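Please read all numbers here as calculations on a predicted model, not as lab measurements.
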Protein chains: 2
Amino acid sequence: MKRITIEDIAAKLNISFSTVARALNDHPAISDATKKAVRETATRLGYRQNKVAASLRSGRTHIIGVIVPNLQLSFFSSVVHGIERVMNENEYNILLYQSNEQADHEARGIDTFLQSRVDGIIASITQETREMPHFAEIRKRGIPLLFFDRAINGLEVPAVVIDDFKGGYMATKHLIDQGYKRIVHINTHQDLAIFTDRLEGYKAALRDHHLPIDEQYIVRGALSLEFGDATAQSFLDQGLAFDAVFAVEDYTAMGVLQALKRNKIKVPKEVGVIGFANEAFGSLVTPALSSIDQQTVRMGEEAAALFLKVLQQKGKPAGTPERIVLEPLLVARDSTAR
Amino acid sequence: MKRITIEDIAAKLNISFSTVARALNDHPAISDATKKAVRETATRLGYRQNKVAASLRSGRTHIIGVIVPNLQLSFFSSVVHGIERVMNENEYNILLYQSNEQADHEARGIDTFLQSRVDGIIASITQETREMPHFAEIRKRGIPLLFFDRAINGLEVPAVVIDDFKGGYMATKHLIDQGYKRIVHINTHQDLAIFTDRLEGYKAALRDHHLPIDEQYIVRGALSLEFGDATAQSFLDQGLAFDAVFAVEDYTAMGVLQALKRNKIKVPKEVGVIGFANEAFGSLVTPALSSIDQQTVRMGEEAAALFLKVLQQKGKPAGTPERIVLEPLLVARDSTAR
DNA sequence: TTGAAAGCGCTAACAT
DNA sequence: ATGTTAGCGCTTTCAA
C-alpha cells in the first residue's frame, strides 16, 4: 500500500504541495477555503504526516528523551507517569531508556538520544555516575537538560528535587515529638546526595533537640528489607538500647518492623519506626508504617512543566538554572503513634 | 556549534561521503584501513549519526511504540520495564504513551505512532476499547502489532497474555483444597476478558469440585480496597455465611482482609482470602496475602521477544499469529493457610 | 494568497 | 574498494 504524501493531496486538488503543507500546518496566509479542501482530502485519503521528514527538515523532533535507572521501582514509574502526562498534553512524546543503574549504560542511552535528535533530555542519574562527559556533551550541543531527584552537583542544570535534608529532619523530629529518644538511623553506602542529605537531616534534628549523635546508631548497608531486619536484630542481640528507628527507605523500615514483631517488641509502644518514600504497602501493613512522602507524580509533572519553560527560553540569556525543591510530606501512621 | 556530518569526515579524509557512510555502517566492501581512519576521525570530530535522516531514507526508525493505560499501575510499569530491557538489547528504542484508559486518547497515541513511523506497536488496550478502527489501521499499513495482557478478541494479532481462566481456577481450587467451601468471588463491572476469564475459572473450579455456584456469592463492583471492605462487611451484616473470598485483584482482597480484621474474624482460620496480581504489599501485610502471580516482567520480556520474531518475519507468509500464554503462579501465603 | 525551489543528512542502487 | 547520484517527504525562503 502506497503511502500518501502531501504531493498526492496537491495533485488531487491541482495546487502546489507547499500550499498543502501550509494548509495542514494552519499557516495564516492560506485561505480558509483551501485549508478546508486540503483537510478534507487529507482525511479522505488517509494521509498522515511523516514526522521523520518534518523533523529532518525543521531540526525539531518533538521528542524528549527520559532516562531513569529502573522503571520497576515505583518511584521512577510514578515520576515518568507524571512527565509523560504533562509532556503529552503539550504535544511532546517520550523516548524511554533505562540505565539499569550502570553509568556506561546511561552513557549509551544519552548517545542514542543525541543520535535521535531529541529536543531535550530529562534524567535521573545512576548510583555510579561520577564523571559526566556525556552530560557535558548534552550541554555543549545546546540541548535542554533537566534532572529530577538525583542530580549531578556542580553541573549547572535545572532540576526538580525534594528537600531530602528536610525530609530526614522531619522524620527524626516527628519521632522526637512523639517522645522517642534513642533513635537508630539506617542509611546506605550508596554515595548519592539524596541519601546523605537525609542523614544530615537526622543529625540536625538530634542536634536541635539536644540529643546526642552516636555514630554507633548510624548504620549503613543495602537498601533492603533484609538489611533492616538484620540491623534491628543485631541491635537487639548486642543489647544496644533504642526506642526508635528512622530508615532511609520504606523496605528497610519494613524489615525493622518484622524483626521487632519476631522479637515481640511492641510498635509503637516500645519502639517507633518511620521510613521514607511512602510506598503503597505502608498504609496496608500492621502497624501501618509512618513515612515521608516524596510527591512522585507531582515531581514528574513539575519536571515536565519546568522543562517546557526551559524549551521556550532556549537561546535566551541563560542565568542561573531554576531549581524546584518540593516539600517532603510527613505521613504519620500507627508505627510512630505513641 | 555546527553539527558534524559524514561530509565533514569525508572532507577531512579526502574521500567521498558515501565511503564514510559505508565505513560507519561496517560495510564489507570497505577496507579495514579506511574504516579505521573514518572511525577515528568521527570520534575526533564528535560525530554522531543523525538517525532522523537515516530513518527518512531507509524507512526504518528502530523505534517501537508502546501504549499502556497507565504507567502508575505496577503491573504496567513492570511489563514496560521488561519490554524496554529486551528491546534495548536489540537496538530498539521505546516511544511511550499512556492512554489513561480512554479510547480516544488511545486512538491519538496510535496516530502519533503512525506519524512517527514507528517500526511496530505494542499495546495493552483500555477498558473502553470496543471498536478498533485505529488498530485496524495499523494492520492495514503493515506495521507489526502485538498485544499484551489485554488483547482485542477477533483481531488476528499476536499476543502475550496469562491464562486468566486458569488463574481463577487455581485460586479457587487452592481455597477448596484448603478446606474452604462457601467461597465468595468479588469481580468487576469492567468488561475485559482478563476479568471475566477469572470468573469463569472460579465457576469451573466450583463445578469440578461439586460445589454449588450461587450468583449471590458473585459480586461485581469497583476494583478497590474500599469495595472489598464494603462487600465483606455487607455479607457479614446480612448474615450470609461464607468461609473464603477470592478477589479478582489484590487491593480488593486487602479490603476484605481489613473488614474481617475489624469484625474480629480470624484469617485464615475462619475465613480464607486470596487475591490476584501478587502486588508487592501482599508478602508484607499480616496475615500475608495469598495471590496469583502474573509474571509481569517476564510478560514484557516475552512480548518483546515475540515482537522481534514478528519483525523478522515481516513480509513472510502470515499464518495464524502466535499467542504466548503464560502460566499463572499460585503464591500461597498465610491468608489461606488453614 | 500561492508557487517554485532548495536542502535537511543520510541510504542504496548503479557505476567505475 | 570507492565514487556518483538520486531521492526519502517534508519546511522554509524567495518570488510572484
Side-chain angles (χ1 to χ4, degrees), chain A residues 1-39 41-42 45-63 91 112 114-119 141-142, chain B residues 1-39 41-42 45-63 91 112 114-119 141-142:
Chain A
M1 181 185 136
K2 196 193 163 302
R3 215 134 279 180
I4 308 296
T5 73
I6 48 176
E7 305 228 37
D8 298 317
I9 299 174
K12 271 272 189 294
L13 296 171
N14 275 316
I15 55 180
S16 85
F17 77 95
S18 54
T19 301
V20 174
R22 287 196 190 92
L24 291 172
N25 291 325
D26 207 20
H27 189 105
I30 300 295
S31 74
D32 287 348
T34 308
K35 282 183 187 170
K36 188 153 170 282
V38 167
R39 287 197 191 119
T41 313
L45 299 180
Y47 169 77
R48 264 176 183 84
Q49 184 194 43
N50 185 334
K51 287 200 176 197
V52 179
S55 297
L56 177 60
R57 179 57 233 248
S58 69
R60 276 168 291 105
T61 53
H62 265 246
I63 293 177
E91 320 269 84
T112 306
L114 294 177
Q115 293 183 178
S116 298
R117 299 297 192 263
V118 295
D119 285 351
R141 296 189 163 231
Chain B
M1 179 187 138
K2 195 195 163 297
R3 215 133 278 182
I4 309 294
T5 73
I6 48 176
E7 305 227 38
D8 299 316
I9 299 174
K12 271 272 188 294
L13 296 171
N14 275 314
I15 56 179
S16 85
F17 79 97
S18 57
T19 301
V20 174
R22 287 196 192 95
L24 290 171
N25 290 325
D26 207 21
H27 189 107
I30 301 294
S31 74
D32 287 348
T34 308
K35 281 183 188 171
K36 189 153 168 282
V38 167
R39 288 196 191 121
T41 312
L45 299 180
Y47 169 77
R48 266 179 181 80
Q49 184 195 41
N50 184 332
K51 287 200 176 199
V52 179
S55 296
L56 176 60
R57 180 56 235 244
S58 70
R60 275 167 292 105
T61 53
H62 265 247
I63 292 176
E91 321 270 83
T112 306
L114 294 177
Q115 293 183 177
S116 298
R117 300 298 193 260
V118 295
D119 285 352
R141 294 189 164 232

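In this structure, the CD atom of A:Q115 is 16 Å from the C1' atom of C:dT11, given to the nearest Å. We find that CG of A:L56 is positioned 11 Å from P of D:dT11, with the value rounded to whole Å. Atom-to-atom, CD1 of B:I9 to P of C:dC10 comes out at 8 Å; the value is rounded to the nearest Å. The separation between A:K51 atom NZ and D:dT11 atom P is 11 Å, rounded to whole Å. Between the P atom of C:dG7 and the CG atom of B:N50 lies a distance of 18 Å, rounded to the nearest Å. Rounded to an integer number of Å, the gap from CZ of B:R57 to C1' of D:dG7 is 6 Å. Between the P atom of D:dA1 and the CG atom of B:L13 lies a distance of 18 Å, rounded to the nearest Å. Atom pair B:I4:CD1 and C:dC8:P shows a separation of 14 Å (rounding to whole Å applied).
Contact check, B:N25 against C:dT11: a side-chain N or O comes under 4.0 Å of OP1 or OP2. For C:dC10, one of the phosphate oxygens OP1 or OP2 lies less than 4.0 angstrom from a side-chain nitrogen or oxygen of B:Y47. Contact between the side-chain N/O atoms of A:T34 and the OP1/OP2 oxygens of C:dT2 is found at a separation under 4.0 Å. Regarding contacts with the backbone of D:dC10, every side-chain N or O of A:R48 stays at 4.0 angstrom or more from both OP1 and OP2. Look at A:S18 and you won't find any side-chain N or O under 4.0 angstrom from OP1 or OP2 of C:dA4.
Heavy-atom minimum distance, A:L56 versus B:L56: CD2-CD2, 3.3 Å. Scanning both residues, A:A10 and A:S16, for their nearest heavy atoms gives CB-C, 3.8 Å.
Side chain A:R22 to base C:dG3: a donor-acceptor pair is found below 3.5 Å. In the interface, the side chain of A:S16 is not paired with the base of C:dT2 through any donor and acceptor atom under 3.5 Å apart.
Heavy atoms of A:A54 sit under 4.0 angstrom from primed sugar atoms or phosphate atoms, though from no base atom. B:A29 comes within contact range of at least one nucleobase, with a heavy-atom separation under 4.0 Å. At the heavy-atom level, B:R60 lies under 4.0 Å from the strands shown only through sugar-phosphate atoms. Across all strands shown, B:S31 has heavy atoms under 4.0 Å from sugar-phosphate atoms exclusively, and none from any base.
Annotation: of the two residues near DNA chain C, A:F17 and A:P28, the 5′-most nearest-nucleotide partner is A:P28. Both A:H27 and A:E7 lie close to DNA chain D; mapped to their nearest nucleotides by heavy-atom distance, the more 5′-ward contact belongs to A:E7.
Which of C:dG9, D:dT11, D:dT2 sits closest to the side chain of B:T19 comes down to D:dT2. Nearest nucleotide to the side chain of B:Q49, out of C:dT11, D:dT11, D:dT2: C:dT11.
Atom NZ of A:K35 has more than 12 neighbouring heavy atoms from other residues, nucleotides or ligands inside a 6.0 Å radius.
Side-chain contact between B:I30 and B:V38: absent, with no pair of heavy atoms (C-beta onward) separated by less than 4.5 Å. A 4.5 Å side-chain heavy-atom check between A:D8 and A:F17 finds every atom pair outside the cut-off.
Salt bridge status for A:R39 with A:D32: absent, with no side-chain N to carboxylate O gap under 4.0 Å.
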